[in-house]
Amino acid sequence: QDEYKPDKDLSEVDLKNAIRVHHALATKASDYSKKSNVLKLKTADWRVFLFQAPSKEEMLSWILRINLVAAIFSAPAFPAAICSMKKFCRPLLPSSMTKLCQEEQLKSHENKMRQIADELAEHKLHPVEKSLKSKEAEEYRLKEHYLIFE
């Protein structure tokens, strides 16, 4: 809501409140009906931000541009630590810029999508009892939520 002034330096508060877009995803907030032209930004740490654009065209433009910048700044995830192979851990997402060219990055994303889809299908083949409140049931739910999100 503040007026943008390009010659004004960013303050420490501005930098502290900045939203990191590495591994983020912008989509139309179709589940939000209070206002029109609202987009949803999900960050790498699963926080959700809503932004309202002045028009549908501008909202779609914002989504496209945010996702393009997020893709450029999203290096492939680090593998999980060896000691955590028995229980589910979300992978570490680096906040560094990718070193892949766009074609390599697209192939990497396509391979990752296939891998995640296969992993989700495999995960759903071995469900745990929904009524269980055990660590195993919680890990199953966390992994399923992560795979669906990815």
Side-chain angles (χ1 to χ4, degrees), residues 1-2 4 10-54 56 58-100 102 104-150:
Q1 292 181 351
D2 292 339
Y4 173 68
L10 292 174
S11 71
E12 194 173 315
V13 173
D14 292 332
L15 295 173
K16 199 180 278 187
N17 292 324
I19 300 170
R20 300 183 74 159
V21 296
H22 72 288
H23 297 276
L25 178 66
T27 58
K28 182 178 188 233
S30 51
D31 55 346
Y32 184 81
S33 58
K34 290 182 181 177
K35 296 183 179 189
S36 59
N37 308 318
V38 175
L39 67 107
K40 180 187 329 185
L41 177 68
K42 286 187 179 180
T43 63
D45 58 359
W46 296 11
R47 293 185 302 158
V48 176
F49 296 90
L50 298 175
F51 299 93
Q52 184 180 22
K56 182 177 181 178
E58 198 156 342
M59 176 194 66
L60 294 173
S61 174
W62 289 4
I63 290 170
L64 181 70
R65 290 165 194 257
I66 290 169
N67 286 336
L68 176 64
V69 172
I72 290 169
F73 281 92
S74 298
F78 296 122
I82 300 293
C83 64
S84 61
M85 289 302 200
K86 288 185 180 180
K87 69 175 202 152
F88 171 72
C89 291
R90 285 178 29 205
L92 297 173
L93 301 173
S95 59
S96 60
M97 194 173 212
T98 184
K99 296 193 179 4
L100 302 175
Q102 284 185 338
E104 291 170 328
Q105 191 175 16
L106 179 60
K107 286 180 183 173
S108 172
H109 286 314
E110 288 170 342
N111 289 337
K112 189 67 176 172
M113 282 294 297
R114 279 192 289 278
Q115 177 190 348
I116 293 285
D118 292 347
E119 201 172 333
L120 180 60
E122 177 69 24
H123 181 75
K124 287 184 174 185
L125 287 176
H126 308 288
V128 295
E129 288 184 41
K130 297 271 185 197
S131 61
L132 287 179
K133 296 285 184 189
S134 67
K135 266 189 179 179
E136 185 180 314
E138 182 59 22
E139 281 185 28
Y140 181 88
R141 283 188 283 277
L142 282 173
K143 184 173 183 179
E144 185 172 50
H145 184 262
Y146 165 75
L147 292 170
I148 290 168
F149 178 79
E150 284 297 301

Exercise. May I ask you to test the Thr27-Ile63 pair for a side-chain heavy-atom distance under 4.5 Å?
Key: no
Quiz item: Do the two ring centres, one from His126 and one from Tyr140, sit under 6.0 Å apart?
Solution: no
Exercise. Kindly compute the distance separating CD (Glu139) from CG (Leu142), expressed to the nearest 0.5 Å.
Key: 7.5 Å
Quiz item: So, do Lys40 and Asp31 sit near enough that their side-chain heavy atoms are less than 4.5 Å apart?
Solution: yes
Quiz item: Stepwise, does the salt bridge (Lys or Arg N to Asp or Glu O under 4.0 Å) test hold for Arg141 with Glu138?
Solution: CA-CA 5 Å; Arg141 283 188 283 277; Glu138 182 59 22; 3.7 Å; yes
Quiz item: Would you call the rings of Trp46 and Tyr146 parallel, tilted or perpendicular if under 30° counts as parallel and over 60° as perpendicular?
Solution: parallel
Quiz item: Looking only at heavy atoms, what is the nearest atom pair of Ala70 and Ala24, with distance?
Solution: CB-O, 3.6 Å
Self-check item: Straight-line distance of Ser30 OG to Leu39 CG, nearest 0.5 Å
Solution: 11.5 Å
Quiz item: Quick check: does any side chain N or O of Asn37 sit under 3.5 Å from a backbone N or O of Gln52, one acting as donor and the other as acceptor?
Solution: no
Practice problem: State, with a plain yes or no, whether a side-chain heavy atom of Met59 is found less than 4.5 Å away from one of Lys56. | Solution: yes
Quiz item: If you measure from CG on Asp45 to CD1 on Ile19, what distance do you get to the nearest 0.5 Å?
Solution: 10.5 Å
Quiz item: Which pair of heavy atoms, one from Lys35 and one from Val38, lies closest together, and at what distance?
Solution: O-CG2, 3.6 Å
Quiz item: Rounded to the nearest 0.5 Å, how far apart are CD1 of Ile148 and NE2 of His123?
Solution: 8.0 Å
Quiz item: Looking only at heavy atoms, which two atoms of Leu50 and Ala29 are closest? And how far apart?
Solution: CD2-CB, 4.1 Å
Exercise. Output the distance between atom CD (Glu58) and atom CZ (Arg65), rounded to the nearest 0.5 Å.
Key: 9.0 Å
Self-check item: Shortest non-hydrogen contact from Ala26 toward Ile66
Solution: CB-CG2, 3.8 Å
Self-check item: Point-to-point distance, once rounded to the nearest 0.5 Å, from CG of Leu120 to CG of Leu125
Solution: 9.5 Å
